[in-house]
S.K.: 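This is the structure, below, for whatever I ask next.
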Amino acid sequence: MSDALLEVKDLKTYFFVEDKIIKSVDGVNFTIKNGETVAIVGESGSGKSITSLSIMGLVPKPNGKIVEGSIKFSGDELVGLPEKKMNKIRGNDIAMIFQEPMTSLNPVFTIGNQITEALLHHQNLKKSEAKKRAVELLKLVGFARAEQIIHEYPHQLSGGMRQRVMIAMAMSCDPKLLIADEPTTALDVTIQAQILELMRDVKKKFNSSILLITHDLGVVAEMADRVLVMYGGQVVEETSVDEIFEKPKHPYTSGLLASIPKIEEERKRLEQIPGTVPSADNFPRGCRFAPRCSKVMPRCTDAPPDLLKVEPDHKVRCYLYELS
Amino acid sequence: MYTYILRRLFLFIPVLFGVTVFVFLVMNIIPGDIASIILGTEATPELKEQLRQEFGLNLPLYQQYWNWISGVFVGDFGNSLRTGAPILPEMLNRFSLTFELTIFAAIISWMIAIPMGILAAVKRNTKGDIGIRFVSLLGVSIPNFALATLLILILSLFFNYYPPVGYVGFLEDPRRNLEILLIPAIVLGTSMAGSLMRMTRSSILEILGQDFIRTAQAKGISQKMVLFKHALRNAIIPVLTIIGMQIGYLLGGTIIVEQIFSLPGLGQMVLTGINQRDFPVVQGTILFIATIFVTVNLIVDILYSYLDPRISYD
């Protein structure tokens, strides 16, 4: 796979809190190709955000730690990279936007100051050049009065506008990979569509790859090429976006899809997956989804299943497909 | 902004009026009579009456108040009943000492508290942090007079230091002046540093957990820039509140420390005035201190709006 931009292999990120070990990410493998959009889907606590922070090298210290595995970016190993070298990659080759646009910008610095910061740091631009570039970027993300916006402060902008600023900031150094952690979750529905549209636009213009973290399958359908479904710190299913909606294999994926309201159906009670995500310091011995699974078999509670390739482009972690 | 400052200055009037009325009433209620204090054992009722007449103490209260306050409006704080000297020049003279001592102490306290507070926050829950917190707790809990006495004791035992006799102004002999003020400033500075350090630590810690810090880290800028640019600018705002209050208090005179080091500051003047029931001195100095206090508060409020663009007074 020469065109792989990011290769995550057997990533394990644990948190050590008092005497407990919380296995937030427990053996995750995936690859992102150049220009590809990969979505990680899962409930809160499934480990999807920690996976993205692991790639950025921003796992909350001092409790969290990548204990095993490798993250290769353009062939270079990121795990264990010294902070200084990591800082050359962060914000430059890999950029990230976050869930909470309302609090993700520093309230005491102007928009211009915050956008030019990465430019000045990574690209050795002069102040005037960086400022010019910031105005361009703001125009690109849809600000008509960009020249004024750079002098304004975050509190003068709405949530949607702030997320646009975050995108402008993330794209400032032309990153090869954009990690978007629930970029639309905190926004109004109408603004959500605009922001997704903008991300697709930006991706095309900059020819970058996107790792999209979300729990919203609607967003996945809009944006993604490939989908990873995460549950309990592991990938339980991985396939193309078409496959996931047409032929979901893992009972958890089916459950997630069934819990989306469908407009053409008559109104009835929404499907739901019973129970909650097990806490990451105390997983069941067998399949981590077994306690909530509608198709649970005796062997599911005995030993954990592996992620198996059941079709050329479809992997699933479930005993139901072991023989097929 | 200018309308805001004007409005605030206008609000000084009711505050300061309240202060003058309160002090005036208190001075009249507390027992003790300047005439008997001045005349001492030789006091006869006739002599006392004569002195009271002279000071205008037999007039109705509102008239006494009016006589005093109408003078204040034109910059005449009256004369000390005790020494007969005009109050305003003496007050300003003493204030220059208190002011210098306050600034000196504040700089010492910032130089200790802010770096230590940041260090404790960054190294939270390590031995260093626990050590810094312990020291700051000592700073908060050891009273000024104890620390002052202890310092004098230790310094005189081991370093041949003795508390200076006689004060020399900065303009007369800067070196000697700083020598005299150094130890009192250290005493005041370290006791201010305790609470300031704790505030800095908790404020930085709170800011470091904010989303925008993660955004800054995600940009790839150095940890130093994240700390000193993004975190500090936000964290300094609550710290400024404490600094403002501390400076306000100190400018109002540091009675105990001035007493211990026999410095002729504003606090000493208030204390002597109260002991001698010297009405005009007490009223004048308290009014002066109150004015300084509200002015410092105003300056802090103005600084807020420069540090935090979300705070706007327009």
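Naming convention: chains lettered A, B, ... in sequence-line order (proteins, then strands); numbering from 1 in each chain. Reckoned from all heavy atoms, side chains included, excluding hydrogens, waters and symmetry mates. Worth saying up front: this structure is predicted, and the values here are computed from it rather than measured.
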S.K.: Counting only non-hydrogen atoms closer than 4.5 Å, does A/Lys61 touch chain B with its backbone (N, CA, C, O), its side chain (CB onward), both, or neither?
M.R.: backbone

S.K.: If you draw a 6.0 Å radius around CZ in B/Phe17, do more than 12 non-hydrogen atoms from other residues or ligands fall strictly inside?
M.R.: no

S.K.: Using a cut-off of under 4.5 Å on heavy-atom pairs, state which of A/His121, A/Met56, A/Glu117, A/Met96 scores highest against chain B.
M.R.: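 Between A/His121, A/Met56, A/Glu117, A/Met96, the count favours A/Glu117.
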
S.K.: Any idea which of A/Ala118, A/Ser104, A/Gly91 has the most non-hydrogen atom pairs under 4.5 angstrom with chain B?
M.R.: A/Ser104

S.K.: Other residues, nucleotides and ligands only: do more than 12 of their heavy atoms fall within 6.0 Å of CZ on B/Phe22?
M.R.: no

S.K.: Verify side-chain hydrogen bond (donor to acceptor under 3.5 Å, both in side chains) between A/Gln114 and B/Thr215, making sure each step is shown before the conclusion.
M.R.: CA-CA 10 Å; A/Gln114 297 188 56; B/Thr215 308; over 6 Å; no

S.K.: Chain B heavy atoms under 4.5 Å from A/Leu53: which part of the residue, side chain, backbone, both or neither?
M.R.: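 Side chain only.
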
S.K.: Please state whether the side chain, the backbone, both or neither of A/Met86 comes within less than 4.5 Å of a heavy atom of chain B.
M.R.: neither

S.K.: Taking side chain as everything from C-beta outward and backbone as N, CA, C, O, which of these in A/Leu58 sits under 4.5 Å from a heavy atom of chain B? Side chain, backbone, both or neither.
M.R.: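 Contact with chain B involves the side chain of A/Leu58 alone.
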
S.K.: Between A/Glu147 and A/Lys139 (salt bridge meaning N to carboxylate O under 4.0 Å), is one present in this structure?
M.R.: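 A salt bridge links A/Glu147 with A/Lys139.
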
S.K.: Using a 6.0 Å cut-off, check whether atom NZ of A/Lys203 has over 12 heavy atoms from anything other than its own residue.
M.R.: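 It does: A/Lys203 NZ has more than 12 such atoms within range.
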
S.K.: Report which part of B/Arg214 has an atom under 4.5 Å of a heavy atom belonging to chain A: side chain, backbone, both, or neither.
M.R.: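 For B/Arg214, the contact with chain A is made by backbone and side chain together.
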
S.K.: Between B/Lys229, B/Gln217, B/Gln223, who has the most heavy-atom pairs with chain A when the cutoff is under 4.5 Å?
M.R.: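 Max contact count across the listed options: B/Lys229.
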
S.K.: Most heavy-atom pairs under 4.5 angstrom with chain B, which of A/Gln156, A/Lys84, A/His122?
M.R.: A/His122

S.K.: Could you tell me which of B/Gln210, B/Arg233, B/Arg310, B/Met225 has the largest number of non-hydrogen atom pairs under 4.5 Å with chain A?
M.R.: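 So the answer, after comparing B/Gln210, B/Arg233, B/Arg310, B/Met225, is B/Arg310.
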
S.K.: Distance from B/Ile107 atom CD1 to B/Ile112 atom CD1, nearest 0.5 Å?
M.R.: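 Result: 12.0 Å between the selected atoms.
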
S.K.: Would you mind checking which part of A/Gln99 comes under 4.5 Å of any heavy atom in chain B, side chain (CB onward), backbone (N, CA, C, O), both or neither?
M.R.: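 For A/Gln99, no heavy atom lies under 4.5 Å from chain B.
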
S.K.: Please say whether more than 12 non-hydrogen atoms of neighbouring residues, nucleotides or ligands are located less than 6.0 Å from CZ in B/Phe99.
M.R.: no

S.K.: Where does A/Met166 contact chain B at under 4.5 Å (heavy atoms): side chain, backbone, both or neither?
M.R.: side chain

S.K.: Where on B/Ile207 is there a heavy atom nearer than 4.5 Å to chain A: the side chain, the backbone, both, or neither?
M.R.: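 The answer is neither part of B/Ile207.
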
S.K.: Take a 6.0 Å sphere around CE of A/Met171 and say whether it holds more than 12 heavy atoms from other residues, nucleotides or ligands.
M.R.: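 Counting neighbours around CE of A/Met171, more than 12 heavy atoms of other residues, nucleotides or ligands fall under 6.0 Å, so yes.
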
S.K.: Measure the acute angle between the ring planes of A/His155 and A/Tyr153, then classify it against the limits of 30° and 60° as parallel, tilted or perpendicular.
M.R.: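 Ring orientation, 0 to 90° scale: parallel.
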
